[in-house]
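Throughout, a chain's letter reflects where its sequence line sits, starting with A, and its residues are numbered from 1.
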Number of protein chains: 2
Amino acid sequence: MAGSKKLQDIKVAVDAVVFGYFDKKELQVLLIQRNIEPFKGGWALPGGLVLDDENLDDAVKRELCEEAGIKPDFLEQLYTFGNVGRDPRNRVVSVTYLGLVNPSYHELAADSDADDAQWFGINSLPELAFDHQTIIDTALKRLRTKIQYQPVGFNLLNGEFAFSELENLYKTIVGQEIDRRNFRKKIMSYGLLNETDNFKKEGSGRPGKMFTFNQEKYKELEEQGFYFELK
Amino acid sequence: MAGSKKLQDIKVAVDAVVFGYFDKKELQVLLIQRNIEPFKGGWALPGGLVLDDENLDDAVKRELCEEAGIKPDFLEQLYTFGNVGRDPRNRVVSVTYLGLVNPSYHELAADSDADDAQWFGINSLPELAFDHQTIIDTALKRLRTKIQYQPVGFNLLNGEFAFSELENLYKTIVGQEIDRRNFRKKIMSYGLLNETDNFKKEGSGRPGKMFTFNQEKYKELEEQGFYFELK
DNA sequence: GCAAAAGTGTTAAACCTACACCCATGG
DNA sequence: CCATGGGTGTAGGTTTAACACTTTTGC
């Protein structure tokens, strides 16, 4: 760390790309309508400046809570965007996060000042402020990769889910057909799903068994060098 | 981006973990001896504050050039460390990078103000300033993972290398024995190595053919959805 | 001719892929 | 009884893993 230059004038922000997966259609992204300039009235990722005495992780969590009443089930650092000129006002370096929430957040809470927060389908996003479209692209790419070697998909489902929901989720995220039988065999072979006594009731057709993901067992296996992997 | 709070007082720095691989032993990390407080006289990663009108990537490149006369063959963002208290003076958020250099950097340039830059074996690091040990740990972990699904190892070798050098590199980084025959078959099967007419002269035993890595072909294949992978 | 590293094939096991029919439910 | 989605097995091909001897060179 050198630095003998005048006074650095750079702001540090955090922004989050939070994905949700509701009603078996496309992935959704959480956006906030801006009520200040620049891009006033436009849509942007939730986020904001980091407080002086606040860790980065805490800052994102705070912003998500304040702006949308959301506590993601999964949240990890994505990438730091800091090019000159990405914010027209002054230099802002933004540490971005990738978040995943379960379907209980479909209806955004009426508590909090969340009235300008909204879910948008990944394929029908509005024009976005700053370089936020790039950030979303980066997040999507990461999610697509990550879901193939870490069991993060479960964070987008309810605690209890039918197998077909998992199937649809993977089809949606990876964006291609999967072989139902092979997929089930593979997932089941890891022994990470616990069968419950419940059955999926909504929808037509034969009701499917509900499963839960065994997080503890996964952690255990992981420590022994096990790698979740789909191909 | 909310922010109506007083004035944010956070500095933005970049730091780099640059790895080198020389004389077939352990991986080496580039460290700089600090000549200012805090940790004056101690060892730290190369890096420093970002200039107001400078992109993050440019900032790391500049610092590496200034502090050690090095231009890495491979350089990518690693992680952003920004916890309160990681710098005893004031709040510093550090965007860290992972860099790889080829063996021509073994002797650090006499140009530049590089006299306090030095290579340290990954297993014999001195006490490090700030949270730099954590950063190195993160970088090592990333390198170990990355080398298994992206051909980054070649950036640690000379343009022309013997197969055994590649072998040793993988053994060193992954930290376990590999089957020479299977490894060679696998690598060769990708058709990404060009045979040269040269032979390795140093060392005893039968001289090995020298190869070069075909970067162009790799880029091409990559665009067609090809994934380099070792297992 | 000895020590040191380079070069090379085969076989069994594991894993992946492709593929189609019957089952349980609600209407 | 029909429509809808749930649940299941097998065979062929590909990939991985394990394993040891011959070749070339310098000394």
Side-chain angles (χ1 to χ4, degrees), chain A residues 21 23-25 147-149 157-158 160-172 174-213 221 225-231, chain B residues 21 23-25 147-149 157-158 160-172 174-213 221 225-231:
Chain A
Y21 178 70
D23 44 44
K24 59 196 74 163
K25 290 187 321 251
I147 205 171
Q148 314 218 33
Y149 67 90
L157 299 176
N158 286 313
E160 283 202 356
F161 53 88
F163 208 90
S164 60
E165 299 176 278
L166 192 61
E167 239 174 79
N168 284 321
L169 176 64
Y170 272 82
K171 245 190 331 202
T172 304
V174 181
Q176 56 188 19
E177 289 307 306
I178 54 181
D179 182 296
R180 285 172 54 228
R181 277 181 287 190
N182 292 340
F183 181 76
R184 183 186 261 248
K185 254 182 293 177
K186 182 86 201 208
I187 299 264
M188 287 310 193
S189 74
Y190 292 136
L192 291 169
L193 297 195
N194 291 138
E195 211 171 291
T196 73
D197 295 335
N198 305 330
F199 286 81
K200 182 178 170 196
K201 15 183 195 298
E202 339 114 35
S204 58
R206 175 174 171 179
K209 280 199 207 87
M210 301 295 272
F211 295 88
T212 58
F213 176 68
L221 286 174
F226 163 82
Y227 270 90
F228 181 90
E229 192 178 358
L230 297 174
K231 182 65 202 277
Chain B
Y21 178 69
D23 45 43
K24 59 194 72 155
K25 292 188 319 252
I147 204 171
Q148 315 217 35
Y149 67 89
L157 299 176
N158 286 311
E160 284 202 356
F161 52 88
F163 208 90
S164 60
E165 298 176 280
L166 191 60
E167 239 175 80
N168 283 321
L169 176 64
Y170 272 82
K171 242 188 336 198
T172 304
V174 180
Q176 56 187 21
E177 287 308 306
I178 54 181
D179 183 294
R180 285 174 54 230
R181 278 181 285 190
N182 291 340
F183 181 76
R184 184 187 261 248
K185 255 180 293 178
K186 182 86 203 211
I187 298 265
M188 287 309 193
S189 75
Y190 292 138
L192 291 169
L193 297 196
N194 291 138
E195 211 170 292
T196 72
D197 295 334
N198 305 330
F199 285 81
K200 181 176 170 198
K201 13 180 197 299
E202 339 114 36
S204 59
R206 175 174 172 177
K209 281 200 207 83
M210 301 294 273
F211 296 87
T212 58
F213 176 69
L221 286 174
F226 162 82
Y227 269 90
F228 181 90
E229 194 180 354
L230 296 174
K231 188 40 205 283

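Below the 3.5 angstrom threshold, one finds a donor paired with an acceptor across the side chain of A/R180 and the base of D/dG7. Below the 3.5 angstrom threshold, one finds a donor paired with an acceptor across the side chain of B/R181 and the base of D/dA20. Residue side chain A/K231 does not reach the base of D/dT15 through any donor-acceptor N/O pair under 3.5 Å, judged by distance alone.
Between B/N182 and A/G205, the residue anchored closer to the 5' end of DNA chain D is A/G205, taking for each the nucleotide with the nearest heavy atom.
Computed from coordinates, the A/R206 CZ to D/dG5 C1' distance equals 9 Å when rounded to whole Å. In this structure, NZ of B/K185 is placed 10 Å from C1' of D/dT15, rounded to the nearest angstrom. When rounded to the nearest whole Å, the span between CD of B/E177 and P of D/dA18 equals 13 Å. If you measure from atom CD of B/E167 to atom C1' of C/dG7, you get 10 Å, rounded to the nearest angstrom. Atoms CD1 (A/I178) and P (C/dC16) sit 15 Å apart, rounded to a whole Å. Summarising the geometry, the separation between OH on A/Y227 and P on D/dT16 is reported as 18 Å, rounded to the nearest angstrom. If you take CD of B/E202 and P of C/dA4, they are 18 Å apart, rounded to a whole angstrom. In this entry the distance linking CG of B/L230 with P of D/dT15 reads 15 Å, nearest Å.
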Original post:
Between A/Y21 and A/E165, is a side-chain contact (heavy atoms from CB on, under 4.5 Å) present by the stated rule, with each step listed?
Top reply: CA-CA 10 Å; A/Y21 178 70; A/E165 299 176 278; 5.8 Å; no

**OP:** Test A/F228 against A/L221 for side-chain contact (heavy atoms from CB on, under 4.5 Å), laying out the working first.
**Re:** CA-CA 9 Å; A/F228 181 90; A/L221 286 174; over 6 Å; no

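Note on ring orientation: taking the six-membered ring where Trp is involved, the planes of A/F211 and A/F161 are tilted (angle from 30° to 60°).
Here the side chains of A/I147 and A/L230 are not in contact, with every heavy-atom distance at 4.5 Å or above. You'll find the side chain of A/M210 reaches within 4.5 Å of the side chain of A/K200, heavy atoms only.
Near DNA chain C, defined here as any heavy-atom distance below 4.0 Å, there are no residues from residues 186-201 of chain B.
With ring centers used as reference points, A/F226 lies under 6.0 Å from A/Y190.
Side chain of A/D179 to main chain of A/R181: a donor-acceptor pair is present (N/O by atom type, distance under 3.5 Å, no hydrogens or angles).
Each of C/dG9, C/dG7, D/dG5 was ranked by its minimum atom distance to the side chain of A/S204; first place goes to D/dG5. Residue A/K209 has its side chain nearest to D/dG7 when only C/dT10, D/dG7, C/dA6 are considered. Across D/dT8, D/dA17, C/dC19, the shortest atom-to-atom separation from the side chain of A/D179 is found for C/dC19.
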